[in-house]
Undergrad: 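Structure below; questions to follow.
If you're wondering where the values come from, they're calculated on a predicted model, not measured in any experiment. Just so you know, ligand 1 is whichever comes first in the structure, and atom 1 is the first atom listed for that ligand. Just so you know, these numbers use all the heavy atoms, side chains as well, and skip hydrogens, waters and symmetry mates.
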Amino acid sequence: MFKINENYLKLPGSYLFSTVGRKEREYKAAHPDKKVIKLSIGDVTQPLVPSIVEALHGAVDEMGKAETFRGYAPDLGYEFLRSAIASGDYKARGVDIDIDEIFVSDGAKCDSGNIQEILGLDNKIAVGDPVYPVYVDSNVMAGRTGTYDAATGMWSNVVYMPCLEENGFAPTLPKETPDIIYLCFPNNPTGATVTKDELQKWVDYANEKKALIIYDAAYEAYISESNVPHTVYECDGAKTCAIELRSFSKNAGFTGVRLGFTVIPKELKCGDVSLNALWARRHGTKYNGAPYIVQRAGEAVYSETGRQELKKQVAYYMNNAKVIKEGLAEAGFSVSGGVNAPYIWLKTVNGMSSWEFFDYVLEKANVVGTPGSGFGPSGEGYFRLTAFGTYENTVEAIERMKKLI
Ligand code: MLT
């Protein structure tokens, strides 16, 4: 008789963004006359920039000719893309990453969920609280998190690092020593960042405790302040303790195109076992690579024209962040984030819970955001808005929300 993976039964409710999407659909179905503005999931709205469209067209044409047709991609991804990444994302910042340390994938969500597969089940994970839900849920599915306490919203075998107003909504070193530490800077959902000196403390801590950092840098393109690191490898010693996850979704508008990569330095070892070798084995066995066409589009991100075009696209979204942050602050909301990240983290009003505020904002302003409590217990009483909407919708949504206070 077959058996299911019972760890899945421990997951409370559905995936956060599925629940938010369902509530939005239900509201729209019940109120077809209302113009609902979605500032919930961090999904981009601007079209692909011309140099990327051109690269996609060119690659499609190549696939249509016998002499340039390609089948399966190389296990780690095409060399042209990995070289562009190594020089554009790392060498340009004084960091030496070898192309064999870069694994191309179809996005950081999958990588952040899958990476735990090469790690033992008896590892204890530490996460920011609130946190991008994939880190916790994927560890629940693997059976690493213990039991769930519905009253506190916490797992018995997870170290929570609260991200609160008093620590600038960024995690600080945990009291209990974990084996694996998930860090996301610029942070999703709070939009907080750390300076290079602060990140260096995490790296030193991980090396001292022999812990592994899984560093999600999906939002690095949104960094505007010069003392904020763009990659964990800017810190000394990071290559012996950190894996870095990167995405093309937010810096190049690829949420529907799908492309990302993971960096695992060769120096990163558990005893004498190389994590790079384990992930290469896993990648080769379970993954057939991002499409050639998409990898060519990814290469175009690093071209001079691509860079210029994408700088403007990022600036467009960050202008939305400013509209949200300044508009809500003027109205009297307590807001943070939005300076080095496309997310604005705001406190609910009148003591409402995050879900009460979600319903209130949807009902009264017809705006969809994401309830902070969906990201973890310390997110209760908070609400996240994304800057990835169109400018026009963002302005309208904020005008409507200003009237709520
Ligand atoms: C978010 O809204 O947190 C992200 O867009 C979700 C994701 O990247 O998977």
Undergrad: With nothing but distance in play, are any N or O atoms of Tyr15 less than 3.5 Å from an N or O of ligand 1?
TA: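 No; every N/O pair is 3.5 Å or more apart.
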
Undergrad: Looking just at side-chain N and O atoms, do Thr19 and Ser14 make a donor-acceptor pair shorter than 3.5 Å?
TA: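 There is such a pair (donor and acceptor under 3.5 Å, judged by atom type) between the side chains of Thr19 and Ser14.
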
Undergrad: Can you list the ligand 1 atoms lying under 4.0 Å from a non-hydrogen atom of Gly42?
TA: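 Those of ligand 1 that fall under 4.0 Å from Gly42 are 1 (C), 2 (O), 5 (O).
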
Undergrad: Just by distance, with hydrogens left out, do Tyr182 and Tyr215 show a side-chain donor and acceptor under 3.5 Å apart?
TA: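 No, because no side-chain N or O of Tyr182 sits under 3.5 Å from a partner of the opposite role on Tyr215.
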
Undergrad: Do any nitrogen or oxygen atoms of Lys109 come within less than 3.5 Å of a nitrogen or oxygen of ligand 1?
TA: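 No, no N or O pair falls under 3.5 Å.
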
Undergrad: What I want to know is whether Asp43 and ligand 1 share at least one N or O pair that is separated by under 3.5 angstrom.
TA: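 No.
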
Undergrad: Where's the contact between Ile41 and ligand 1, heavy-atom distance under 4.0 Å: side chain, backbone, both or neither?
TA: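 Answer for Ile41: both.
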
Undergrad: Answer yes if the side chains of Lys322 and Asn319 hold a donor-acceptor pair under 3.5 Å, and no otherwise.
TA: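 No - no donor-acceptor pair under 3.5 Å links their side chains.
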
Undergrad: With a 3.5 Å cut-off and no angle check, do the side chains of Tyr205 and Gln200 form a donor-acceptor pair?
TA: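 No, no side-chain donor-acceptor pair sits under 3.5 Å.
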
Undergrad: Check Tyr343 against ligand 1 and report side chain, backbone, both or neither, counting heavy atoms closer than 4.0 Å.
TA: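 Tyr343 to ligand 1: side-chain contact only, backbone stays beyond 4.0 Å.
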
Undergrad: Any side-chain donor paired with an acceptor under 3.5 Å for Lys35 and Asn393?
TA: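 Lys35 vs Asn393: donor-acceptor pair found between side chains.
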
Undergrad: Should you measure from each heavy atom of Asn188, which atoms of ligand 1 turn up under 4.0 Å away?
TA: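 Taking each heavy atom of Asn188 in turn, ligand 1 has 1 (C), 3 (O) under 4.0 Å.
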
Undergrad: In the protein, which heavy atom is nearest to atom 4 (C) of ligand 1, and how far is it?
TA: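 Looking at atom 4 (C) of ligand 1, the protein heavy atom closest to it is Lys250 NZ, 3.4 Å.
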
Undergrad: Centre-to-centre under 6.0 Å for Tyr222 and Phe388, is that the case here?
TA: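 Between Tyr222 and Phe388, the centre distance is under 6.0 Å.
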
Undergrad: Kindly confirm or rule out an N or O of Ser40 lying under 3.5 angstrom from an N or O of ligand 1.
TA: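 The answer is no, given that Ser40 and ligand 1 share no N or O pair closer than 3.5 Å.
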
Undergrad: Just by distance, no angles: are the side chains of Gln313 and Glu309 close enough, under 3.5 Å, to form a donor-acceptor pair?
TA: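 No.
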
Undergrad: Are any of the N or O atoms of Phe17 closer than 3.5 Å to those of ligand 1?
TA: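 By distance alone, the answer is no.
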
Undergrad: Please write down residue, atom name and distance for the protein heavy atom closest to atom 6 (C) of ligand 1.
TA: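 Answer for atom 6 (C) of ligand 1: Tyr132 CE1, 3.7 Å.
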
Undergrad: So, Thr285 versus Arg281: side-chain donor-acceptor pair below 3.5 Å or not?
TA: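 Yes, a side-chain donor-acceptor pair sits under 3.5 Å.
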
